Colleague: 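Got a structure here, written out as structure tokens. Questions coming.
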2 protein chains.
Amino acid sequence: MLADDHRMLREGLRRSMTDQGFDIVGEARDGDEAIRLAEELQPEVILMDVTMPEVDGVEATRQIKISYPGIAIVMLTMHADQEVLAAAIRAGASGYLVKDCSTDEIATAIRTVVRGETVLSPQLAASMLEEVRKLEEPSPDEERVITKREEEVLQLIANGCSTPEVAERLFISQKTVKNHLASIYQKLEARDRTQAVLQAVRMGIIHLE
Amino acid sequence: MLADDHRMLREGLRRSMTDQGFDIVGEARDGDEAIRLAEELQPEVILMDVTMPEVDGVEATRQIKISYPGIAIVMLTMHADQEVLAAAIRAGASGYLVKDCSTDEIATAIRTVVRGETVLSPQLAASMLEEVRKLEEPSPDEERVITKREEEVLQLIANGCSTPEVAERLFISQKTVKNHLASIYQKLEARDRTQAVLQAVRMGIIHLE
DNA sequence: CGAGAAATGGGCCGAATGACCTATACGGGC
DNA sequence: GCCCGTATAGGTCATTCGGCCCATTTCTCG
């Protein structure tokens, strides 16, 4: 079964999947219709676009999987987006392909998911890995709140240095360290070094070693 | 090409993959041999066990992919392990299957990876998602080092309380709070509250709100 | 050229902090 | 019954910490 809001894409998919030996039992133009048709037609596999009017593909997937866990759902998307990918698989999707893949690839994916396996486009597998890898730097830093020097001070404090030790390592006086800290407290709305460091970790400014 | 240190498994794979229409051009018994044979035979796909003598499958994958990015490598493993999965895909593996999957599933996986896509066993896709989801609770707490009371103190400190405030909230004296902190410092090898809280966060004892 | 930010530094002060010592009470386990 | 860990609490002390006042230099940007 197909679920996509673009007629041209649906027709293209229908033709190529039919050529590949699949039967298209129905087509939905939005998430609501996908849910209704899935119930009515009980397809083996649904090729579902992520972005659709009314109800998006992820939500439709969630609802269909609740009622009919046996229906395998392959999400199609225009762009490799880790967030959406995670949401889609959490919703129960068995596959996630970017739309520029070949009809052969889609056919292979369908054959894969009906066997209970999961298929990801390579770009998405990569981006998923990125997400796993970066447990740090979650924020691309909309704007640099903390200056370079302040960041150095913060990092040293996080690494276990006291004020005198930071001063020693940076070759500045304790007073300057305190001044930097005071500035940091203001910017991070912290009232002591502990809160400042925690806030900095949350914001991805500094990293736990 | 096959790479596995168990003869029985290699022979089983060779037979079933041959039945599925694939040609097995070579078999390796360890990671070193896999690297040498991959270079010599230039297989389209390698089915590679993760655990092998000499050089493990992940490292062999990395080295083969550096020299021959065109060779697709499907990792086989006994257990669903997120860490290894991440390492494997970072090393360049195109697929990651648990060994209890059917020969049909392996065949489908091979056909999928030669098309440039990525295949994950559903258990692994699930565990990968878990890893993404749980940005907290990374350690299952091998043993409870910190007592319940100490944990309460730590969490309050992490939430921004000073010693007097912790005392107030827990209805104990400041002195007791300090005693708990001193005990915590010993156990976490920290010398101040900042280090204690950071260490506790690293160990998953407390959570950033 | 002047405004403003960043980085450096000083002094003062009260509160918080951490190290060191002690002590009592309540559990459970050997 | 005794030991040990946990939780409670006290005291002393030097150090650190953070708030508040201030200043100088350098640099960039408009």
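In what follows, every heavy atom counts, from backbone to side chain, and hydrogens, waters and symmetry copies are set aside. Every value quoted in this text rests on a predicted model; they were computed, and no experiment measured them. Residue numbers begin at 1 in each chain, while the letters A, B, ... track the order of the sequences.
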Colleague: Please determine, for the side chain of B:K178, which listed nucleotide (D:dT6, C:dA6, C:dG18) has the closest atom?
Modeller: C:dG18
Colleague: Taking only side-chain nitrogens and oxygens of A:S162, does any of them come within less than 4.0 Å of OP1 or OP2 of D:dT15?
Modeller: no
Colleague: Side chain of B:P164, heavy atoms from C-beta onward: which of C:dT17, C:dT8, D:dC17 has the nearest atom to it?
Modeller: C:dT17
Colleague: Measuring to OP1 and OP2 of D:dT6, would you say a side-chain N or O of B:H180 lies under 4.0 angstrom away?
Modeller: no
Colleague: The side chain of B:T176 is closest to which nucleotide in this list: D:dG18, D:dA9, D:dT16?
Modeller: D:dA9
Colleague: Rounding to a whole Å, what distance do you find between B:I157:CD1 and C:dA16:C1'?
Modeller: 11 Å
Colleague: Within this structure, what is the NZ-to-P distance between A:K148 and C:dA6, rounded to whole angstrom?
Modeller: 12 Å
Colleague: So which atom in B:K65 and which in B:S94 form the shortest heavy-atom distance, rounded to 0.1 Å?
Modeller: NZ-OG, 4.4 Å
Colleague: Roughly, in whole Å, what's the span from CD in A:Q174 to P in D:dT15?
Modeller: 12 Å
Colleague: Find the distance A:L170:CG to C:dG9:C1' and express it as a whole number of Å.
Modeller: 15 Å
Colleague: Looking at side-chain heavy atoms only, is the closest gap between B:L47 and B:M17 below 4.5 Å?
Modeller: yes
Colleague: Which of the following nucleotides, D:dT8, D:dC17, C:dA7, is nearest to the side chain of A:T163?
Modeller: D:dC17
Colleague: Atom NZ of B:K175 to atom C1' of D:dA9: distance rounded to whole Å?
Modeller: 8 Å
Colleague: Which value, rounded to the nearest 0.5 Å, describes the distance between B:E152 atom CD and B:I172 atom CD1?
Modeller: 8.5 Å
Colleague: Considering only side-chain heavy atoms of A:S173, which listed nucleotide, C:dA19, C:dG10, D:dT8, is closest?
Modeller: C:dG10
Colleague: Where the side chain of B:R149 is defined as all heavy atoms beyond and including C-beta, which of C:dA7, C:dG9, D:dT8 is the nearest nucleotide?
Modeller: D:dT8
Colleague: Among D:dA7, D:dC17, D:dA9, which is the nearest nucleotide to the side chain of B:E150?
Modeller: D:dA7
Colleague: Starting from C1' on D:dG19, measure out to CZ on A:R193 and report it in whole angstrom.
Modeller: 14 Å
Colleague: Are side-chain heavy atoms of A:M1 and A:V45 found at a separation under 4.5 Å?
Modeller: no
Colleague: Distance check needed: D:dG10 C1' versus B:N179 CG, whole Å only.
Modeller: 9 Å
Colleague: Side-chain contact, heavy-atom cut-off 4.5 Å: B:S183 with B:E150?
Modeller: yes
Colleague: Rounding to an integer number of Å, can you tell me how far B:Q195 CD sits from C:dG18 C1'?
Modeller: 14 Å
